[in-house]
**Student:** 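I'd like to ask some things about the structure below.
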Amino acid sequence: MPDYSADSDAIYHQLFSHPEMVADLLTGFLDATLLTDLDLPRMKRLNTKFTAARGKRRRGDMVWEIPTHSGGPLFILLILEFQSTIDPWMPLRILVYSGLLYQQLVDERKLTAEQGLPPVLPVVLFNGQPRWHAATRLHEVIQLPKDSPLWQYQPEMRYHVIDEGRYAEEELQGLGSLSALLFHLEHPARPEAVLETGRLLAQWFKNHPEGVVLKGLFRELLLGAMERTDGFNPLPTVPEELQEVVNMLAYHIEKWKKEAALEGELRGDIRGEQKGKADLLLRLLRRRFGDVPEWAITRVASAEVSTLEAWSERIFDTPSLETLLQPVPAHDGALQE
């Protein structure tokens, strides 16, 4: 089976290359007052030319230009963070990217001092496991006393962070957006939670048949979420349609639950039999040798059923406790404790 979780960052990048997905994220997880002047249906992706540190371009960083109703554009600098560690220098990174974006706009659009610079709204979307705790303002990482007169000369920059794992399940359920379902999918507690989110996704795309490309990407994320969930067993075949994937997951989850229940019952029966035989052997040992030392009690308590049976059979033919509680040769030549 393919490793669907191996390149989820590439799928994220494809998701947020669609204006519908970016608009969904902004309306669901930004303050409404920031969005009132934005003409979201007319947003478009800006082809940026700046690079990250060491000259390597980050495919997870993108810029969206959104017209405003009052005139002029707003630029959303969207940073997609997939690493498990948190970048403590994010305010500096935002400052550098914003500066490079402004320089590109000045060079390409020939902006004049009278026109000024358009506003930038930096948004960091984080899907890692730890909760985001890095500074969100550049002033927080500049080392200066609070009363220093130098503060008036220091650059300032801040960003809005959307930490997927910080939202409670009840919060996400109340939103009913694709982004909320995405967050559900990325942080499932159990296979059943993945299945529940899959069903909600199937219903969402049934009501929005125009989102066929996004549906294919969410199918990949659904399979990746199952692959990362404890108790997952690989599916023998993977359907192409999202609804068929959900149906197959429902069938296999029910099957896995029944198998797990049977295994639990079997382990319980084995543990019960082992404990009963261990208790009986300890009673026999006390009758045969008197007080039983702690090491012998531990050895008996951890022994397998077959070993306990072998020790019980020869208890009255063995001169000492040490000789009796030796490893028992197995039929295949291996030793059993």
Side-chain angles (χ1 to χ4, degrees), residues 9 12 16 22 25-38 46 48-66 68 70 72-109 111-168 171 179 183 187:
D9 57 339
Y12 257 69
F16 290 100
V22 178
L25 177 72
L26 298 179
T27 54
F29 295 94
L30 262 67
D31 190 328
T33 58
L34 296 173
L35 307 174
T36 52
D37 193 37
L38 302 185
L46 181 68
T48 56
K49 298 178 180 178
F50 51 86
T51 57
R54 296 184 296 277
K56 183 179 180 181
R57 184 165 184 160
R58 288 174 49 89
R59 66 179 180 180
D61 302 336
M62 58 186 73
V63 177
W64 286 89
E65 181 178 358
I66 307 176
T68 63
S70 57
L74 167 78
F75 290 87
I76 299 288
L77 175 57
L78 182 60
I79 311 293
L80 304 180
E81 280 294 290
F82 309 108
Q83 57 192 22
S84 58
T85 57
I86 295 170
D87 184 0
W89 298 111
M90 182 59 75
L92 176 59
R93 201 165 116 197
I94 294 293
L95 176 68
V96 172
Y97 282 10
S98 298
L100 291 171
L101 170 61
Y102 277 141
Q103 189 62 61
Q104 179 178 335
L105 293 175
V106 169
D107 292 343
E108 292 185 352
R109 303 192 181 186
L111 297 180
T112 64
E114 291 74 21
Q115 291 174 309
L117 297 173
V120 172
L121 174 58
V123 177
V124 174
L125 176 61
F126 179 65
N127 74 339
Q129 288 304 321
R131 301 287 55 82
W132 189 269
H133 53 76
T136 57
R137 299 175 63 240
L138 187 62
H139 275 196
E140 295 177 50
V141 296
I142 295 177
Q143 297 301 307
L144 268 181
K146 292 183 178 180
D147 58 351
S148 172
L150 292 175
W151 276 118
Q152 60 184 317
Y153 301 106
Q154 304 311 305
E156 173 61 315
M157 195 74 212
R158 69 183 304 168
Y159 62 91
H160 179 80
V161 61
I162 302 175
D163 184 355
E164 294 183 7
R166 191 180 295 277
Y167 296 95
E171 259 185 292
S179 297
F183 297 178
H187 300 272

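Please read all numbers here as calculations on a predicted model, not as lab measurements.
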**Student:** Indicate yes or no: at least one non-hydrogen side-chain atom of Thr48 is less than 4.5 angstrom from one of Tyr97.
**Tutor:** no

**Student:** Could you tell me if the side chain of Ile162 sits less than 4.5 Å from the side chain of Tyr167, heavy atoms only?
**Tutor:** yes

**Student:** Do Leu105 and Leu117 have side chains that get closer than 4.5 Å, going by heavy atoms?
**Tutor:** no

**Student:** Any chance you could measure Glu156, atom CD, to His139, atom NE2, to the nearest 0.5 Å?
**Tutor:** 4.0 Å

**Student:** Keeping the roles fixed (side chain from Tyr159, backbone from Leu95), state whether a donor-acceptor pair exists under 3.5 Å.
**Tutor:** no

**Student:** How far apart are the closest heavy atoms of Leu111 and Pro118, and which atoms are they?
**Tutor:** CD1-CD, 4.1 Å

**Student:** Please lay out, stage by stage, how Met90 and Glu81 fare under the test side chain to side chain contact (heavy atoms under 4.5 Å, CB included).
**Tutor:** CA-CA 10 Å; Met90 182 59 75; Glu81 280 294 290; 3.8 Å; yes

**Student:** Decide yes or no for Pro88 and Val141: does some side-chain heavy atom of the first lie under 4.5 Å from some side-chain heavy atom of the second?
**Tutor:** no

**Student:** Please give me the minimum heavy-atom distance between Leu46 and Phe75, naming the atom from each residue.
**Tutor:** CD2-CE2, 3.9 Å

**Student:** Can you name the closest pair of heavy atoms from Ser179 and Phe29 and give their distance?
**Tutor:** CB-CE1, 3.6 Å

**Student:** Any idea which heavy atoms bring Leu101 and Val120 closest together, and the distance?
**Tutor:** CD2-CG2, 3.9 Å

**Student:** Please name the pair of heavy atoms, one in Pro122 and one in Arg158, separated by the smallest distance, quoted to 0.1 Å.
**Tutor:** CG-O, 3.5 Å

**Student:** Decide yes or no on side chain to side chain contact (heavy atoms under 4.5 Å, CB included) for Leu121 and Leu30, but give the supporting numbers first.
**Tutor:** CA-CA 11 Å; Leu121 174 58; Leu30 262 67; 3.5 Å; yes

**Student:** Treating Trp151 as the side-chain partner and Pro145 as the backbone partner, does any N or O pair qualify as donor plus acceptor under 3.5 Å?
**Tutor:** yes

**Student:** Hey, does Met157 have a side-chain heavy atom less than 4.5 Å from the side chain of Ser98?
**Tutor:** yes

**Student:** Let me confirm one number: the CD1-CD1 distance from Ile76 to Ile66, rounded to the nearest 0.5 Å.
**Tutor:** 4.5 Å

**Student:** Calculate, to the nearest 0.5 Å, the distance between atoms CG and CH2 belonging to Leu26 and Trp64 respectively.
**Tutor:** 10.5 Å

**Student:** To the closest 0.5 Å, what do you measure between CG (Asp37) and OG1 (Thr68)?
**Tutor:** 4.5 Å

**Student:** Do Leu80 and Met62 have side chains that approach each other closer than 4.5 Å (heavy atoms only, starting at C-beta)?
**Tutor:** yes

**Student:** For residues Leu34 and His160, determine if any side-chain heavy atom of one lies less than 4.5 Å from a side-chain heavy atom of the other.
**Tutor:** no

**Student:** Under the side chain to side chain contact (heavy atoms under 4.5 Å, CB included) criterion, do Leu25 and Phe183 qualify, and how do the steps go?
**Tutor:** CA-CA 11 Å; Leu25 177 72; Phe183 297 178; 3.9 Å; yes

**Student:** CZ/Arg93 to CG/Leu138 distance, rounded to the nearest 0.5 angstrom?
**Tutor:** 14.0 Å

**Student:** State, yes or no, whether a side-chain contact exists between Phe126 and Ile86 at a heavy-atom distance under 4.5 Å.
**Tutor:** yes

